[in-house]
Amino acid sequence: MSFWSMFAVSDEGENWSAGQRQLFCLGRVLLKRNRILVLDEATTSIDSATDAILQTIIREEFSGCTVITVAHRVPTVTDSDMVMVLSFGELVEYDEPSKLMETDSLFSKLVAEYWSSCRKN
């Protein structure tokens, strides 16, 4: 096997994992320097440690941009400026995460459930 065959990329990256393709897409976004960034489950196929690193990079590199993140991992959104919670396609909450955490909101329940499940594992 030659050196270059180890790094061959098939059409549309089919020989890469979903996580590798996601990282490559995020790399392209970093180079383009868009003012609006929409992430739809961008780190779903990436382990939690890598996700945490990427979230730090996104916050630093896109601090002057509008970032819209669709996520199911609670840590991905807890330090966002605003959180929108949807249930069955309907908007049920929209506020700063800290304000939602102070109430008996669906978001606060999701956060509590997430951290509870982390402690069990």
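Because only heavy atoms are used, hydrogens play no part in the values below, and waters and symmetry mates are left out as well, while side chains stay in.
Qualifying salt bridge (Lys or Arg N to Asp or Glu O under 4.0 Å) partners for D95, counting only residues two or more places apart in sequence or in other chains: none. Checked against side chain to side chain contact (heavy atoms under 4.5 Å, CB included), R35 has no partners two or more places apart in sequence or in another chain. Every residue two or more places apart in sequence or in another chain was checked for a salt bridge (Lys or Arg N to Asp or Glu O under 4.0 Å) with D81, and none qualifies. For T78, the side chain to side chain donor-acceptor pair (under 3.5 Å) test picks out no residue, with sequence neighbours left out. Looking at residues two or more places apart in sequence or on another chain, you find no salt bridge (Lys or Arg N to Asp or Glu O under 4.0 Å) involving E113.
Atom-to-atom distance recorded for Y94:OH and M82:CE is 4.0 Å, nearest 0.5 angstrom. Note that CG of N34 and CZ of R28 are 11.0 Å apart. Values are rounded to the nearest 0.5 Å. To the nearest 0.5 Å, atoms CE (M101) and OG (S108) are separated by 6.0 Å. With values rounded to the nearest 0.5 angstrom, L39 atom CG is found 9.5 Å from L54 atom CG.
Here the side chain of E93 pairs no donor or acceptor atom with the backbone of M84 at under 3.5 angstrom.
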For a quick test of your reading: what N or O donor-acceptor pairs under 3.5 Å do the side chains of residues 61-70 make, sequence neighbours left out?
from, atom 1, to, atom 2, distance (Å)
E61, OE1, R33, NH1, 3.1
E61, OE1, R33, NH2, 3.0

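Residues K109 and D104 have side chains in contact (heavy-atom distance under 4.5 Å, counting atoms from C-beta outward). Side-chain contact between I57 and L30: present, with at least one pair of heavy atoms (C-beta onward) separated by less than 4.5 Å.
Cluster annotation: L86 and V74 are assigned to distinct hydrophobic clusters (Ile/Leu/Val/Met/Phe/Trp/Tyr, side-chain heavy-atom contacts under 4.5 Å, transitive). By the criterion of side-chain heavy atoms lying less than 4.5 angstrom apart, applied directly or through intervening Ile, Leu, Val, Met, Phe, Trp or Tyr residues, V38 is not grouped with V29; the two fall into different hydrophobic clusters.
Considering all non-hydrogen atoms of both residues, P97 and V77 come closest at CG-O, 4.0 Å.
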V83/E96 under side chain to side chain contact (heavy atoms under 4.5 Å, CB included): CA gap, chis, key distance, verdict: CA-CA 6 Å; V83 170; E96 297 172 24; over 6 Å; no
